[in-house]
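Structure first, then comments.
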Number of protein chains: 2
Amino acid sequence: MTGTKFDRTQFEQPSLTVDIVVFAMREGALHLLVIERGIPPFEGCWALPGGFVLPRESVDQAAARELEEETNLRDVYLEQLYTFSEPERDPRGRVVSVAHMALLPADRVDQVQGGSDARAAKFERLPASIERIEPADGRSTVGKSKRKREESEGYFAFDHDVIVATALARLRGKLEFTTLAFELLPEEFTLTEAQHVYEAILGRELDKVTFRRRLLAMELVRETPRMRRGAHRPARLYRAAPRASVWL
Amino acid sequence: MTGTKFDRTQFEQPSLTVDIVVFAMREGALHLLVIERGIPPFEGCWALPGGFVLPRESVDQAAARELEEETNLRDVYLEQLYTFSEPERDPRGRVVSVAHMALLPADRVDQVQGGSDARAAKFERLPASIERIEPADGRSTVGKSKRKREESEGYFAFDHDVIVATALARLRGKLEFTTLAFELLPEEFTLTEAQHVYEAILGRELDKVTFRRRLLAMELVRETPRMRRGAHRPARLYRAAPRASVWL
DNA sequence: GTAACTTAGTTGCATACTGCAACTAAGTCA
DNA sequence: TGACTTAGTTGCAGTATGCAACTAAGTTAC
């Protein structure tokens with residue numbers, strides 16, 4: 001903004017909120033954290049955790065705070081996604097929401113408890129219908145015809161289906177060039193477990209040999225002396241390589 | 001946002017603005033559109049075009065409108081980038097800005113004229129110092145120590161240097177998996193011209209053979225019957241393949 | 001007119017990466 | 001002890017990549 005004319009009271013300002021898409025692996029499938037709405041509008045639909053941005057915090061801080069207040073989760077991977085701002089996206093008034101994405105390691109899904117605000121936070125399997133929703137990543141929405149939100153169109157309240165689709169698209173896009181997937185795994189994991197995470201996110205099967213070769217060749221994982229013992233042959237445990245925390 | 005308690009007047013709401021990073025190629029180098037500030041704070045520094053979001057428009061519409069008002073540009077590639085919201089980012093008050101990135105074809109740089117608001121919009125070569133600024137893409141800012149903006153730290157006003165660094169990082173990241181680079185070229189271009197755009201953005205030289213092979217093999221470009229005639233051997237003109245408009 | 005120069009564009013090859021099939025390894029269970 | 005399941009490796013053919021050397025087509029100097 002150039003600020004050649006700066007008058008903050010010049011316009012009625014929209015409300016600013018954050019919404020958070022929390023992904024986690026459960027039973028081998030990708031799940032997300034939703035809160036079932038108890039009141040209209042969209043009563044009974046799934047909504048994302050979130051809330052208002054306070055006057056002295058950044059939107060990213062607001063996302064972290066709301067996540068902790070509503071789900072008891074701290075110190076999880078959290079990244080800003082996209083800002084949703086269609087004037088009609090919330091029938092109650094003008095609300096602009098900065099969507100975030102959080103990734104919860106599989107061994108921490110039990111830490112989630114309904115907090116001060118969110119009554120029934122629960123993990124639900126990502127519905128297949130999400131694939132048919134066009135994500136708002138990048139250019140998509142700029143100049144797109146806005147769709148007015150009617151009630152009872154599907155699982156999700158408001159435009160939260162688009163937010164989830166956008167989060168999934170972002171996760172997929174970053175998967176091959178970052179080490180984001182490890183954020184969904186426990187500290188130590190087998191390569192087969194890692195492969196299952198990739199497959200769940202991408203929605204297709206991967207070749208075992210190629211997958212292992214790449215992870216090892218790029219030194220994204222480090223061998224540990226430990227093994228995971230189960231019903232059959234024990235599997236080597238690995239951990240994410242230190243520098244590999246996010247970017248490739 | 002779950003909306004279990006919805007009261008829009010509950011909090012003082014920040015001002016909502018947009019800022020736009022307009023990239024264009026000039027003299028073989030990547031340039032960006034800046035407006036030299038005429039008043040404090042940051043008098044004499046470069047600022048990005050932008051302005052307030054109006055009550056009945058989305059932030060993306062606001063970006064398109066401001067771009068046209070301030071620079072006379074319509075129908076250019078425009079994508080939403082990232083939202084900047086540090087409480088101290090603007091010394092005049094709490095302002096949250098949704099940054100956008102625009103790409104202007106090389107043959108349209110002359111269309112830019114100072115509009116209703118922006119007095120001295122001009123293209124400047126991307127300063128090399130931008131490479132040292134950490135972009136705010138993805139996780140970077142979440143939980144990062146915010147740096148309070150002092151005047152006279154460099155070229156840019158406010159946190160606009162971070163916005164530009166973020167735009168550049170996004171452009172680089174998308175370059176290899178999308179056809180974004182063609183948005184900076186005229187409708188018809190030679191493969192050498194295309195290569196120069198890639199090189200300018202990535203900041204390193206590419207192999208001619210590999211570059212041409214990839215573009216052709218992926219069918220990202222279509223041959224035209226025309227040639228570009230210049231001082232030496234004429235070069236075949238191509239255009240972006242129709243489906244290749246953005247994604248790979 | 002021709003030789004030098006510059007830019008456009010191709011050919012050839014050694015190397016690396018990928019997808020697929022088949023194999024071996026190490027455990028459990030009946 | 002042998003069938004079964006999951007872990008992990010080997011081999012190979014096809015493809016993509018990086019580099020060097022080459023040919024092609026124009027302009028300019030004399």
Side-chain angles (χ1 to χ4, degrees), chain A residues 25 27-29 106 172 175-179 181-182 185-186 188-200 202-241 244 248, chain B residues 25 27-29 106 172 175-179 181-182 185-186 188-200 202-241 244 248:
Chain A
M25 289 294 293
E27 295 151 19
R172 281 182 179 161
L175 204 56
E176 307 177 69
F177 311 102
T178 67
T179 55
F182 299 151
L185 288 164
E188 301 198 344
F189 50 85
T190 70
L191 296 189
T192 302
E193 288 166 357
Q195 185 175 344
H196 288 332
V197 171
Y198 275 77
E199 290 174 338
L202 294 174
R204 62 185 168 88
E205 303 210 326
L206 299 174
D207 178 65
K208 180 172 56 165
V209 182
T210 312
F211 182 80
R212 304 172 74 89
R213 251 189 320 215
R214 287 188 58 170
L215 253 57
L216 271 337
M218 304 176 97
E219 297 186 302
L220 301 182
V221 291
R222 264 196 345 209
E223 208 175 285
T224 75
R226 288 169 290 285
M227 308 289 280
R228 168 100 69 222
R229 319 204 140 265
H232 299 287
R233 175 173 172 176
R236 173 70 57 189
L237 283 168
Y238 294 81
R239 37 175 67 226
L248 212 136
Chain B
M25 289 295 291
E27 296 151 19
R172 282 181 179 161
L175 204 57
E176 307 177 70
F177 312 101
T178 68
T179 55
F182 300 151
L185 288 164
E188 301 198 344
F189 51 85
T190 70
L191 295 189
T192 301
E193 289 166 355
Q195 186 176 341
H196 288 332
V197 171
Y198 275 78
E199 290 174 337
L202 294 174
R204 62 186 167 89
E205 303 210 327
L206 301 175
D207 179 65
K208 180 171 58 164
V209 182
T210 311
F211 182 80
R212 305 173 74 91
R213 252 190 320 217
R214 285 188 59 168
L215 253 55
L216 271 338
M218 302 177 98
E219 295 185 302
L220 301 182
V221 291
R222 263 192 350 205
E223 208 177 285
T224 76
R226 286 169 291 284
M227 308 289 279
R228 168 101 67 223
R229 319 202 140 267
H232 299 285
R233 174 173 171 175
R236 172 71 57 192
L237 284 168
Y238 293 82
R239 37 174 65 225
L248 210 135

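Quick note on labels: first sequence line is chain A, next is B, and so on, each numbered from 1. The shown structure was predicted, so the numbers you read here are calculated from the model rather than taken from an experiment.
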Rounded to whole Å, please give me the gap between CE in Met227(A) and P in dA7(D). 10 Å
Does Arg233(B) place a side-chain N or O at less than 4.0 Å from the phosphate oxygens OP1/OP2 of dA24(D)? no
Looking at Thr210(A), I'd like to know whether one of its side-chain N or O atoms comes within less than 4.0 Å of OP1 or OP2 on dT18(C). no
Between Pro234(A) and Lys208(A), which has a closest nucleotide on DNA chain C that is more 5'? Lys208(A)
How long is the line joining CD of Gln195(A) and P of dT6(D), in whole Å? 13 Å
Whole angstrom value for the distance that separates P of dA8(C) from CG of Leu237(B): 11 Å
Think Arg214(B) has a side-chain N or O under 4.0 angstrom from the OP1 or OP2 of dT17(D)? yes
Of the candidates dG19(C), dC19(D), dG8(D), the side chain of Arg236(A) sits closest to dG8(D)
Could you check which of dG9(C), dT9(D), dG26(D) has an atom nearest any side-chain atom of Arg229(B)? dG26(D)
Tell me the salt bridge (Lys or Arg N to Asp or Glu O under 4.0 Å) pairs involving residues 221-236 of chain B, sequence neighbours left out? Glu188(B)-Arg226(B), Glu193(B)-Arg228(B), Glu223(B)-Arg236(B)
Is there a donor and acceptor pair, one atom on the side chain of Arg213(A) and one on the base of dG8(D), closer than 3.5 Å? no
Hey, could you give me the CG/CG distance between Leu215(A) and Leu191(A), rounded to the nearest 0.5 Å? 6.5 Å
Rounded distance [0.5 Å steps], CD in Glu176(A) versus CZ in Phe177(B): 8.0 Å
Donor-acceptor contact present, side-chain Gln195(A) to main-chain Leu206(A), <3.5 Å: yes
Nearest to side-chain heavy atoms of Val209(B), which nucleotide of dT9(D), dA20(D), dA8(C): dA20(D)
What is the distance, to the nearest angstrom, from the CZ atom on Phe189(A) to the C1' atom on dT6(D)? 19 Å
Value in whole Å for how far the C1' atom of dT17(D) lies from CG of Leu215(B): 15 Å
Classify the side chain of His232(A) versus the base of dT5(D) as yes if they form a donor-acceptor pair under 3.5 Å and no if they do not. yes
From CZ of Arg212(A) across to P of dT18(C) the rounded distance in Å is 16 Å
Distance, rounded to the nearest Å, where Asp207(B) contributes CG and dT10(C) contributes C1': 12 Å
How about Leu185(A) and Tyr238(A): do any of their side-chain heavy atoms sit closer than 4.5 Å? no
To the nearest angstrom, the CG-C1' distance between Leu191(A) and dT6(D) comes to 13 Å
At 4.0 Å (heavy atoms only), tell me whether Thr190(B) reaches a base, stays on the sugar-phosphate, or touches nothing. nothing
